[in-house]
Amino acid sequence: MKITLKAKPPFSFESTVRSHGWVQLAPFKYDKERGELEYVLRLKSGKLLHLFVRGTDGGISAEVQAQIGNEEKEELKSSLRWMFALDLDLRPFYARARKEPKLAQVEEKAYGRILRSATLFEDIVKTILTTNTVWRSTVRMNRLLVEQYGEPLPDDSHRLAFPTPERLVEVGPEVLRSSTGMGYRAPYVWELALKVASGDLDLEGLKSSSLPTPELRKELMRIKGVGSYAAGNLLMLLGRYDFIPVDSWALKLVSHEWHSGKPVKPRDVEAAFAGWGEFKGLAYWFWEWSYKGN
DNA sequence: GGTAGACCTGGACGC
DNA sequence: GCGTCCAGGTCTACC
């Protein structure tokens, strides 16, 4: 079965898929040559869908290798709209970006959408796995997590969904730690899974929260393992751009861009983009930095 | 509110 | 092969 969905223009499938490293984290799998993104989606019923998503003229098409009913089809569409931020209206950001040479490409390349996982639980776990480590380790920890605790597709045991909170609760923090190499992050992930599985924490509700961004940030930072960087990253994924996910790389970028390579503090990064208001995070994310690396 | 030290892992490096 | 050091955010205790 094939589903086609339109996005608010302008839209670029490739710009969205390659907006950040999420595409390298299972269950995402991107075939650059074919321009096709694979993902294993778990529906509320527990049914697993193997998705093959491609870009179309102004949107996406998703091939699904399963027979599903109308209700499931609507749930699938809703998940796809969320994951690719198809309903996001970036015109106000582009209007501002036109006046900034360092953001000259954003409208032409339809930058601004940031690939999301199907659930906020999955995105928070992945974000915790990005903290205090190098990207290679993040990919490894996430792979081990999915390989060991994700549910496999009935017809392909090599393709697995992201583990459910319930499954991770069963595993327990000690085994989680020893089997995935996530170290001291294991109790954070386990505690989050426990809160979600028990119903104490409604993460999916936060996707459409009407809370002001600073309040939403506080909510996210109540989660153990989510500090200011992780909260900034998650806010970006939630479509809130008033904070910058300041990590060591951000400090380097801003240091070389405006402070001649001298050390800067997180507040200097925020200050550099203060004039961008609600688009602060987007301006930071898609800025054409002078500094390219060590 | 700001700061120091601990947390954990993998990789680089020296021996 | 082994030991040491370092990078990467967050938490906790303390001032």
Tabulate below the donor-acceptor pairs under 3.5 Å that side-chain atoms of residues 56-64 of chain A make, not counting sequence neighbours, or state none.
| from | atom 1 | to | atom 2 | distance (Å) |
| --- | --- | --- | --- | --- |
| T56(A) | OG1 | G59(A) | N | 3.3 |
| T56(A) | OG1 | G59(A) | O | 3.2 |
| T56(A) | OG1 | I60(A) | N | 3.4 |

Checklist outcome for this item: The correct list of stems in which DNA chain C takes part (3 or more consecutive Watson-Crick or G-U pairs, distances under 3.5 Å) is B:1-15 with C:1-15
Distance-only donor-acceptor pairs under 3.5 Å for side chains of residues 72-79 of chain A, two or more places apart:
| from | atom 1 | to | atom 2 | distance (Å) |
| --- | --- | --- | --- | --- |
| E72(A) | OE1 | K47(A) | NZ | 3.2 |
| E72(A) | OE1 | G69(A) | N | 3.1 |
| E75(A) | OE2 | K44(A) | N | 2.7 |
| S79(A) | OG | E75(A) | O | 3.2 |

Next on the checklist: For Y111(A) and W287(A), I'd like to know if the aromatic rings sit close, meaning centre-to-centre distance below 6.0 Å.
Outcome noted: no
Next on the checklist: Could you work out, with salt bridge (Lys or Arg N to Asp or Glu O under 4.0 Å) as the rule, every residue matching R240(A), not counting sequence neighbours?
Outcome noted: none
Next on the checklist: Going by side chain to side chain contact (heavy atoms under 4.5 Å, CB included), name the residues that satisfy it together with K29(A), two or more places apart in sequence or in a different chain.
Outcome noted: E38(A), R159(A)
Listing, residues 160-168 of chain A side-chain donor-acceptor contacts under 3.5 Å, not counting sequence neighbours, or none:
| from | atom 1 | to | atom 2 | distance (Å) |
| --- | --- | --- | --- | --- |
| T164(A) | OG1 | R167(A) | N | 3.1 |
| R167(A) | NH1 | E170(A) | OE1 | 3.0 |

Next on the checklist: With the threshold set at under 4.0 Å for non-hydrogen atoms, list the residues of residues 216-238 of chain A touching DNA chain C in residue-number order.
Outcome noted: I223(A), K224(A), G225(A), V226(A), G227(A), S228(A), Y229(A), A230(A)
Next on the checklist: One pair to check against side-chain contact (heavy atoms from CB on, under 4.5 Å): L86(A) and F11(A). What are the steps and the verdict?
Outcome noted: CA-CA 8 Å; L86(A) 298 181; F11(A) 174 76; 3.8 Å; yes
Checklist entry - In residues 258-272 of chain A, which ones come under 4.0 Å of DNA chain C, going by heavy atoms? => result none
Item to check | side-chain hydrogen bond (donor to acceptor under 3.5 Å, both in side chains) assessment of Y149(A) paired with S179(A) | outcome: CA-CA 10 Å; Y149(A) 308 116; S179(A) 61; 2.6 Å; yes
Item to check | Nucleotide interval of DNA chain C bounded by contacts with chain A (heavy-atom cut-off, under 4.0 Å) | outcome: dG8(C) to dT12(C)
Item to check | Residues E288(A) and K102(A) bridged, charged N to O under 4.0 Å | outcome: no
Item to check | Cation-aromatic face contact R96(A)/F279(A), 6.0 Å, 45 degrees | outcome: no
Checklist entry - Taking atom types as modelled, is there a side-chain donor on W135(A) or Q24(A) under 3.5 Å from an acceptor on the other? => result yes
Considering only nitrogen or oxygen atoms on both sides, find all protein atoms under 3.5 Å from nucleotides 9-11 of chain B and state each distance.
| from | atom 1 | to | atom 2 | distance (Å) |
| --- | --- | --- | --- | --- |
| dG10(B) | OP1 | R140(A) | NH1 | 2.7 |
| dG10(B) | OP1 | R140(A) | NH2 | 3.4 |

Item to check | Under 3.5 Å side-chain donor-acceptor pair for D123(A) and W22(A) | outcome: yes
Checklist entry - Under a 4.0 Å heavy-atom cut-off, which of residues 141-150 of chain A touch DNA chain C? => result none
Checklist entry - Sequence neighbours excluded, which residues qualify as salt bridge (Lys or Arg N to Asp or Glu O under 4.0 Å) partners of R116(A)? => result none
Next on the checklist: Looking at R267(A) and E270(A), is there a salt bridge between them, counting it only when a charged N and a carboxylate O are closer than 4.0 Å?
Outcome noted: no
